[in-house]
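When reading the values below, keep in mind they use all heavy atoms of this one structure, side chains included, and skip hydrogens, waters and symmetry mates. In this chain, numbering begins with 1 at the start of the sequence shown.
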Amino acid sequence: MVKNDAKITKDERDLIKRLVAHYVKNQSFVEVMLKQLSDAILGSADLMAHVHSTKSRLKDPEHLEDKLLRKLKESKLKKRQFRLSEKNLLYRINDLAGFRILHLHTQQIVAIDRELRAVFNQYRFPLFEKPKARTWDDEHREFFQRFGMRTIKSPTMYTSVHYVVESNSATRATCEIQVRTLAEELWGEVDHTMNYPHESSVLSCREQIKVLARVTSSCSRLVDSIFRSAESGN
């Protein structure tokens, strides 16, 4: 984990303020994109047949400012150029608009992936990058790899499949779509409450959240087993 203790100059803080102001100025545009994507997803009966529920949100400007400061400090510590600007902010920060798809059991991601890609093609939302599954669980990693999904090992025990799509408008912007099970959503919401935007200073909470991740994984396996039993009739 990078220690973000690099000093920030006044000019750099002014840059961050300008970037946040640029987002606030264009927030209505980002919101329209999110609504278009939401309508396309919710309007697909083939996709929604595998979906339990959905959520969507726009990024809070204060959270964006905190994220940009962390990225700036990390760039300085790694001696890399900070490349975010008003020209590229709306598409280089992928989670200004976020859409979440929740489903019941792991196997459903195969059909969800297929139908999501069909929605993207139908409504001309190009993929900004290849979809990836973030997971710490080796068995889940093997499952995703078997059907061709790129995987990323998650040291924080966060689990979710991520898609990033571009707007179909003249102005470039991106939206992040997260797909996860209801069990994974429980862990994600607890972790987000305790560890975002900064990790909890309480050691016992951090340790308990790790235990919750393992319990969540067991819960997902049990739910998967229930559905496999129902399908096989045994």
Side-chain angles (χ1 to χ4, degrees), residues 34-35 37-44 46-60 63-64 67 94-117 119-120 131-145 147 149-165 174-200 202 205-228 230:
L34 179 59
K35 185 178 187 308
L37 182 63
S38 175
D39 288 346
I41 289 173
L42 295 176
S44 170
D46 290 337
L47 171 57
M48 294 304 295
H50 308 282
V51 174
H52 174 273
S53 52
T54 65
K55 297 180 179 182
S56 62
R57 63 106 185 100
L58 295 179
K59 197 168 191 67
D60 183 276
H63 288 171
L64 175 60
K67 180 172 186 172
N94 302 144
D95 63 345
L96 296 178
F99 193 89
R100 190 172 301 166
I101 294 174
L102 306 178
H103 57 104
L104 289 177
H105 60 94
T106 306
Q107 188 65 38
Q108 288 174 305
I109 186 61
V110 178
I112 290 173
D113 176 76
R114 180 185 67 242
E115 299 303 334
L116 258 183
R117 291 173 186 267
V119 168
F120 299 156
K132 51 185 177 290
R134 298 179 183 271
T135 180
W136 60 274
D137 188 301
D138 290 337
E139 288 184 25
H140 284 169
R141 187 177 303 108
E142 290 175 5
F143 166 77
F144 288 121
Q145 290 172 345
F147 82 92
M149 177 73 70
R150 184 164 64 106
T151 61
I152 296 177
K153 191 169 184 178
S154 176
T156 63
M157 307 187 88
Y158 169 83
T159 300
S160 189
V161 178
H162 283 206
Y163 299 80
V164 178
V165 295
T174 55
C175 176
E176 180 181 77
I177 301 167
Q178 300 173 349
V179 184
R180 62 176 71 152
T181 66
L182 282 172
E184 291 160 353
E185 174 73 352
L186 168 63
W187 182 89
E189 287 297 293
V190 173
D191 181 72
H192 189 275
T193 301
M194 301 302 300
N195 286 328
Y196 188 85
H198 301 288
E199 187 178 62
S200 172
V202 182
C205 286
R206 299 199 304 271
E207 293 299 320
Q208 288 163 4
I209 288 172
K210 291 178 182 178
V211 173
L212 179 61
R214 292 181 173 88
V215 173
T216 297
S217 182
S218 298
C219 180
S220 292
R221 282 178 168 79
L222 178 57
V223 173
D224 292 345
S225 177
I226 291 169
F227 277 89
R228 282 196 301 269

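- Considering CD1 of Ile41 and CD of Glu115, their distance stands at 12.0 Å, rounded to 0.5 Å.
- Thr216 places a side-chain N or O within donor-acceptor distance of the main-chain N or O of Leu212, the cut-off being under 3.5 Å.
- Note that CD of Gln145 is 4.0 Å distant from OG1 of Thr151, once rounded to the nearest 0.5 Å.
- Ring geometry, Phe147 versus Phe144: the interplanar angle falls from 30° to 60°, so the pair is classed tilted.
- Among Arg180, Arg150, Lys132, Glu176, the one residue that satisfies the side chain to side chain donor-acceptor pair (under 3.5 Å) test with His162 is Glu176.
- Atoms CG and NZ, from Leu42 and Lys35 in turn, are 9.5 Å apart once rounded to the nearest 0.5 Å.
- Taking the side chain as every heavy atom from C-beta outward, Val223 and Leu182 never approach each other to under 4.5 Å.
- Closest heavy-atom contact between Leu34 and Gly98: CD1-O, 3.8 Å.
- No donor-acceptor pair closer than 3.5 Å links the side chain of Glu142 to the backbone N or O of Glu139.
- Between the side chain of Ser218 and the backbone N or O of Arg214, at least one donor-acceptor pair lies under 3.5 Å.
- Between Ser200 and Asn195, some side-chain heavy-atom pair lies under the 4.5 Å cut-off.
- Residues Met48 and Thr54 have side chains in contact (heavy-atom distance under 4.5 Å, counting atoms from C-beta outward).
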What verdict does the side-chain contact (heavy atoms from CB on, under 4.5 Å) test give for Val211 and Met157, after you've listed the backbone C-alpha separation in whole Å, the side-chain angles of each residue and the deciding distance to 0.1 Å? CA-CA 10 Å; Val211 173; Met157 307 187 88; over 6 Å; no
Checking side-chain contact (heavy atoms from CB on, under 4.5 Å) for the pair Leu37/Ile177: CA distance, chi angles, key distance, verdict? CA-CA 10 Å; Leu37 182 63; Ile177 301 167; 3.7 Å; yes
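- Atoms OG and CG, on Ser44 and Asp39 in that order, are 12.5 Å from each other to the nearest 0.5 Å.
- Nearest heavy atoms, Arg134 versus Ser154: C-CB, 4.4 Å.
- Of all heavy-atom pairs between Thr106 and Thr181, the closest is N-CG2, 4.2 Å.
- Note that CG of Leu58 is 9.0 Å distant from SG of Cys175, once rounded to the nearest 0.5 Å.
- In terms of heavy-atom proximity, Arg114 sits nearest to His50 at NH2-NE2, 4.5 Å.
- One distance of note links NE2 of His103 with CD1 of Ile109; it measures 5.0 Å at 0.5 Å rounding.
- Inter-residue side-chain proximity for Leu47 and Ile112 is flagged as met; some heavy-atom pair is nearer than 4.5 Å.
- With a 4.5 Å cut-off on side-chain heavy atoms, Val179 and Tyr163 count as touching.
- Atom NZ of Lys210 has 12 or fewer heavy atoms from other residues, nucleotides or ligands within 6.0 Å.
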Could you walk me through whether His52 and Gln108 pass the side-chain contact (heavy atoms from CB on, under 4.5 Å) check? CA-CA 10 Å; His52 174 273; Gln108 288 174 305; over 6 Å; no
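- Across all non-hydrogen atoms, the minimal contact from Trp136 to Ser217 is CZ2-CB, 3.8 Å.
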Intermediate values then yes/no, side chain to side chain donor-acceptor pair (under 3.5 Å), Glu184 and Thr159: CA-CA 7 Å; Glu184 291 160 353; Thr159 300; 5.0 Å; no
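- The side-chain heavy atoms of Asp95 and Arg57, taken from C-beta on, include a pair separated by under 4.5 Å.
- Ring planes of His105 and Phe227: parallel class, angle under 30° (limits at 30 and 60°).
- Counting all heavy atoms, side chain and backbone alike, Phe99 lies closest to Ser56 at CD1-CB, 3.7 Å.
- With contacts defined as side-chain heavy-atom distances shorter than 4.5 Å, the pair Lys67/Lys59 qualifies.
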Can you list the steps and then say if Val110 with Phe143 is a side-chain contact (heavy atoms from CB on, under 4.5 Å)? CA-CA 10 Å; Val110 178; Phe143 166 77; 4.0 Å; yes
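- A salt bridge is absent between Asp224 and Arg221: the closest approach of a Lys/Arg side-chain nitrogen to an acidic carboxylate oxygen does not fall below 4.0 angstrom.
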